[in-house]
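What follows is a short report on a single structure.
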Amino acid sequence: MEDNRSCLISELQRFKQSSKEAVENIEEFNDFKQYMHVERPFEKELVNILREIKENNFPNLVMVCGSVGDGKSHLISYLKSKYDGLFTNVKIHNDATESFSPTQTSMDTLRIELDTFSDSKIGELGGKDMVIAINLGTLSNFLNSTYSTEFTKLKTFVEEQKIIEDEQSSYEVLHSSPFRFINLSDYHLYELTPNGVESSLQKSLLERVVGESQDNPFYRAYQSSCQSCEVKDKCPIVKNYMLLQKSSVQNAFIEQISELIIKYKVIISARTYLDFLYRVLVHERFDQLKSYEDIIKEIKQQTDLAYINALLPNLFYEYGKKSELFSNLENIQPDTIRLSEVDDLILNFFNTNDLQSIFLKYLKEGVLKEMNIETVLKEFNQKKKDLRLGLFHTLLRFNRFLSLEKSIEKRDSVYSQYVSYLYHWNKNNVMGIRDLYKDVINSIYNWNGKADKDKINRFIGRNQLKYTISQGLLVEPNLTVGQKRNEEKLDRFLNYINLEFRVENSETIHTIKIDYNLFELITKIKQGYRPNNFDKNNFISFVDFVEKIIKDGCNKNVMEFKNKVGKEIKSYSLTYDQVFGVYEFKENQS
């Protein structure tokens with residue numbers, strides 16, 4: 001924004017992905033980046049690695065791995081500014097997706113940069129250590145490119161440490177190894193705790209924005225510019241900043257971003273997170289305004305509907321319509337789990353002119369005044385249908401963000417249970433997931449419809465309704481118990497659950513990977529739901545899992561046919577006489 005650096009909007013614009021602040025320069029770590037830096041667990045790990053390799057008399061390769069925008073370059077830049085001595089005789093390759101020449105590909109450049117660590121040169125005395133920031137996809141492409149035969153030792157290391165696999169990396173590296181790494185993808189925007197999700201990273205980032213400190217450039221702008229602004233009482237950016245200062249709003253923000261990640265496997269980098277934060281504080285109609293006068297004019301002429309639409313809780317959920325990455329926010333917003341109370345509220349809200357009394361039932365009067373919603377309600381005209389709908393969404397969303405005792409929505413108990421199981425599984429606490437084992441076994445038995453105890457229905461030959469066919473099957477958990485983790489809060493973990501099962505008289509182990517979507521289906525089956533063709537097309541991994549268990553556990557068992565004629569049920573058995581090598585089909589006597 002021109003000629004107005006102290007304005008809160010211009011300060012917040014530093015979070016935009018298009019901002020120059022979003023571009024990392026290894027050689028420069030300015031005051032703003034210093035202020036926004038949040039220490040994370042892998043930072044200490046990288047420092048320890050850099051200190052350790054100083055003792056070696058051969059070159060070492062340190063790979064800082066992860067996804068796009070997750071802070072690899074930021075981390076290296078920060079450590080170089082703070083521990084410059086650790087980077088003596090260290091070469092830094094910041095962007096492994098770049099090429100040094102128009103005639104080279106990024107793979108060609110990587111080959112040149114990593115030449116010291118090729119099979120023919122690795123272990124040679126002297127030479128520089130290297131720290132490289134590399135995306136997991138780029139690393140995988142390089143190790144499977146035409147140059148892979150020159151780097152078999154590096155490839156073996158990456159495979160043994162499970163760096164590019166969809167599971168937790170192994171950090172047990174021999175001191176004599178020339179390779180070291182940290183994998184930022186092993187960490188998340190949230191931590192798992194006995195009470196659900198928390199996020200020290202998100203909490204720290206939000207505190208950097210709204211903390212009441214003169215070191216905080218955003219708070220300085222809020223105090224010096226916003227407090228003396230003639231339109232501060234009607235400025236949605238000011239109101240959003242005030243909202244974000246509330247701990248309940250911060251907690252709701254963190255909880256819902258974490259829920260989005262867990263439920264829909266969304267990968268949100270630190271860079272993307274800050275851009276999103278800007279989008280929910282500053283409505284897009286303010287984004288391109290070039291002067292203070294333009295902002296004042298826009299605020300003065302805005303309608304009541306434009307004002308409430310620009311408030312943080314509304315921007316939070318509506319942003320999904322503009323961003324595919326955040327599109328599933330609409331699926332976790334209030335009113336996605338319908339209750340009779342919500343239905344009653346809808347009828348009442350859209351058939352009364354006294355909206356203020358309804359707002360006061362679910363939101364405190366102080367909030368309505370502080371957010372200028374009280375003024376909008378007093379001037380409400382019943383003919384404004386769009387404004388009424390906007391106010392209804394505002395009521396639900398503010399109620400969710402302020403976490404008041406009088407809550408309109410019902411929390412998602414299935415999600416809460418999944419997070420609990422995820423925590424206990426990552427803790428290697430078998431008793432904490434005992435019921436999950438039971439529910440998976442129940443889903444196996446009921447996958448093809450309800451059958452008798454310890455039996456499973458089979459679909460053999462052409463589809464028909466005349467008979468139900470079943471076989472005996474005994475499935476039990478296969479417990480492989482690792483060492484129980486002592487830490488109360490988990491900052492490095494897998495965001496899915498792997499369970500193992502086996503069938504009676506078989507040594508074969510059957511593994512199923514349970515993410516949130518599969519867990520939701522397993523919960524529905526427990527409650528009596530019968531999977532349909534849509535489910536079986538969408539959960540191929542579970543279909544294969546069940547089929548393998550059936551094949552492993554049912555082959556030698558009696559096959560039972562049931563035929564319902566009127567009220568009478570006739571039962572038949574198909575058995576195999578191993579002595580004479582013949583099948584026998586007979587009616588069972590009741």
For the pair [X] and [Y], name the ring-plane relationship: parallel under 30°, tilted 30 to 60°, perpendicular over 60°.
X      : Y      : result
Phe179 : Phe117 : tilted
Phe253 : Phe316 : perpendicular
His74  : Tyr78  : parallel

What I want to find out is whether [X] reaches [Y] closely enough, with some N-O distance under 4.0 Å, to be called a salt bridge.
X      : Y      : result
Lys548 : Asp544 : no
Arg279 : Glu284 : no
Lys513 : Asp515 : no

Are side-chain N/O atoms of [X] and [Y] paired as donor and acceptor at under 3.5 Å?
X      : Y      : result
His37  : Glu43  : yes
Gln256 : Tyr317 : yes
Ser148 : Ser145 : no
Glu488 : Thr193 : no
Glu150 : Ser118 : no
Lys263 : Asn517 : no
Asn446 : Asn442 : yes
Asn538 : Asp535 : no

Single hit among Tyr418, Phe542, Trp425, Phe539 for ring-ring contact (aromatic ring centres under 6.0 Å, His included) with Phe519:
Tyr418

Quick check: do Thr523 and Asp439 have side-chain heavy atoms less than 4.5 Å from each other?
no

At their closest point, which heavy atom of [X] faces which heavy atom of [Y], and how far apart are they?
X      : Y      : result
Leu136 : Ser185 : CD1-OG, 3.4 Å
Asp275 : Gln17  : OD1-N, 2.9 Å
Trp447 : Lys536 : O-NZ, 3.5 Å
Tyr445 : Leu474 : OH-CA, 3.5 Å

Are more than 12 heavy atoms, taken from residues, nucleotides or ligands other than Asp31, located less than 6.0 Å from that residue's CG atom?
no

Between [X] and [Y], is the gap from one ring center to the other below 6.0 Å?
X      : Y      : answer
Phe501 : Tyr437 : yes
Phe276 : Tyr319 : yes
Phe32  : Tyr35  : no
Phe493 : Tyr423 : no
Tyr496 : Tyr516 : no

Among [options], which one satisfies side-chain contact (heavy atoms from CB on, under 4.5 Å) with [X]?
X      : options                    : result
Ser140 : Ile164, Ile163, Asn135     : Ile164
Asp129 : Thr88, Ile53, Leu50, Leu86 : Ile53
Leu139 : Ile134, Ile132, Asn144     : Ile134

Donor-acceptor pair, distance only, cut-off 3.5 Å: does the side chain of [X] make one with the backbone of [Y]?
X      : Y      : result
Ser269 : Gly69  : yes
Thr272 : Ile268 : no
Gln202 : Leu189 : yes

Nearest 0.5 Å, please: how far is CZ in Arg411 from CD in Glu259?
9.0 Å

Looking at Phe218, I'd like to know if the NZ or CZ of Arg208 sits under 6.0 Å from its six-membered ring centre while staying within 45 degrees of the ring's axis.
no

Could you walk me through whether Glu113 and Lys91 pass the salt bridge (Lys or Arg N to Asp or Glu O under 4.0 Å) test, one step at a time?
CA-CA 10 Å; Glu113 290 294 293; Lys91 183 177 182 179; 3.2 Å; yes

